[in-house]
Amino acid sequence: MNKKDYYEVLGVSKTASDDEIKSAFRKLAKKYHPDVSKEPNAAEKFKEAQEAYAVLSDKSKRQQYDQFGHQAFSNNGAGASGFDFSGFDFGDIFDDLFGSSFGFGKTTSNRKRRGNDINLSMKISFDEAIYGCEKEIELEHYVKCEECNGKGGTNEQVCNYCHGSGTITQEQRTILGTYMTRTTCPYCNGEGAKYKNECTKCKGKGVIKEKGKKKLRIPAGIDSGNQLRIPGYGMPGVNGGPSGDAYVQFIVSSHEIFIRDNYDIILELPITISEAVLGCKKEIPTLYGNVSLSISAGTQSKEKQRLRGKGIENPSTGRKGDMYVIINVIIPSKVDRVQKDLLNKLSQTKLDNSVEFSKFNNYMKKNR
């Protein structure tokens, strides 16, 4: 069986340095490792790269290969694969490539690890969100169990399956050859140790919940979906690692008449027919007190007026949005006798003098 040149497999020259060889293998391993690659020939490509790196990264084997080529390893008992690298440890380079979460890392029981973050939610009123407030919240703070010192048990014993390493190395043989994989030990979850006696206080978790109250300053302008971070109130760290954080997500209640649009405020203002026709002044509420709004004579329904700076303060920039007042001319559904008489008299006057009426009437005349 003809085998490709190892330097050609890695894509390096015969004078390549150790770092260049390692870098080339890293790229190929990341591209062709069977656990991550979807290419149909990934296993074969990975096996070739693995074999080439096992030889060229070893000073002695590289010298043999440079002198005798593949013949240097033709009688090593490797069978069809031509080279036996089952004893070669690729763990360090896989740690760099994929990290311990991929399953190749040397997760040990004494490594410091940061605790996980937790997510909480809090419902606040519209006014509390607009103006800011201070709320006292009750948190379930996770703390290390003092009974077992966060271990989850007593009488620590080295894991019989991984012998304290936290990982299990497995040899996989295929028709294309043999390659090694390292996975987190499923019996100790990568801790490298188990405990003979489970802690009765924390039920083996190493942490317990403690309820406590904390004052939380909510800035003005916060909106639904915004979060505030409370450092150190997440899950406790492992082996002296820092605790995670708590993130409080806000749910803001709606307002009775105001509608929020980002940092702008929308108010729908109802007015009567006579107020729309004759014009008027209306006292309206804003976030910062009542103001007088002038309604021009002949104002139409859905017309909009803008009040600059009467919106919500942006907590990031300190600038305030605007307020938009949308006019809503209300047609009464019921009228009394006096109102009906007045409307009848009004209907006898020429009210259809607008451009809209003119366009419509002209169209009707043409199409009769």
Side-chain angles (χ1 to χ4, degrees), residues 33-36 86-87 89-123 135-172 179-216 227-249:
H33 193 282
D35 289 343
V36 295
S86 59
D89 187 5
F90 292 91
D92 291 338
I93 197 168
F94 286 147
D95 287 351
D96 295 338
L97 271 175
F98 305 106
S100 59
S101 61
F102 191 81
F104 295 106
K106 296 179 179 180
T107 305
T108 58
S109 59
N110 57 7
R111 182 170 64 86
K112 291 183 179 180
R113 298 198 298 277
R114 181 182 180 275
N116 293 329
D117 297 330
I118 61 173
N119 295 302
L120 308 169
S121 62
M122 175 185 288
K123 191 169 184 178
K135 301 279 283 187
E136 189 173 67
I137 62 173
E138 188 173 72
L139 290 172
E140 288 187 335
H141 189 197
Y142 291 88
V143 296
K144 183 170 67 175
C145 177
E146 295 180 355
E147 192 75 23
C148 63
N149 197 30
K151 297 291 186 180
T154 56
N155 294 334
E156 182 177 342
Q157 297 176 333
V158 174
C159 177
N160 293 328
Y161 295 92
C162 66
H163 306 292
S165 68
T167 60
I168 294 178
T169 302
Q170 295 176 320
E171 179 181 296
Q172 296 187 20
Y179 61 89
M180 308 296 290
T181 59
R182 178 179 294 173
T183 57
T184 300
C185 177
Y187 301 99
C188 66
N189 295 320
E191 295 296 328
K194 300 191 75 174
Y195 299 93
K196 187 176 181 180
N197 302 318
E198 183 182 276
C199 178
T200 56
K201 187 174 183 180
C202 66
K203 307 299 181 184
K205 295 180 180 179
V207 295
I208 57 174
K209 288 182 181 180
E210 281 189 357
K211 289 186 177 181
K213 293 184 177 180
K214 182 176 178 61
K215 287 186 177 180
L216 186 64
Q227 290 183 331
L228 281 184
R229 171 174 163 263
I230 307 178
Y233 271 77
M235 296 295 288
V238 178
N239 297 318
S243 295
D245 301 326
Y247 287 87
V248 181
Q249 186 174 59

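Annotation: side chain to side chain contact (heavy atoms under 4.5 Å, CB included) contacts of Asn116 (sequence neighbours excluded): Met235. For Lys135, the side chain to side chain donor-acceptor pair (under 3.5 Å) partners are Glu128, not counting sequence neighbours. Scored by the side chain to side chain donor-acceptor pair (under 3.5 Å) test, Arg114 finds Asp117, Asp245 as partners (sequence neighbours excluded). Partners of Cys148 by side chain to side chain contact (heavy atoms under 4.5 Å, CB included), not counting sequence neighbours, listed by chain and number: Cys145, Cys199, Cys202. Among residues two or more places apart in sequence or in another chain, the salt bridge (Lys or Arg N to Asp or Glu O under 4.0 Å) test is passed with Lys209 by Glu140. By the side chain to side chain contact (heavy atoms under 4.5 Å, CB included) test, Gln227 pairs with Asn119, Tyr247, Gln249, sequence neighbours left out.
We find the CD-CG distance between Gln157 and Asn197 to be 8.5 Å, quoted to the nearest 0.5 Å. To the nearest 0.5 Å, atom NZ of residue Lys214 and atom CD1 of residue Ile230 are 6.5 Å apart.
Between Leu139 and Tyr233, the shortest heavy-atom distance links the atoms CD1-CD2, 3.4 Å.
The side-chain heavy atoms of Met122 and Leu228, taken from C-beta on, include no pair separated by under 4.5 Å.
By the neighbour-count criterion of 12 heavy atoms within 6.0 Å, atom NZ of Lys201 is densely surrounded, having more than that number from other residues, nucleotides or ligands. Remark: Glu146 CD is loosely packed, at most 12 non-hydrogen atoms of other residues, nucleotides or ligands lying under 6.0 Å away.
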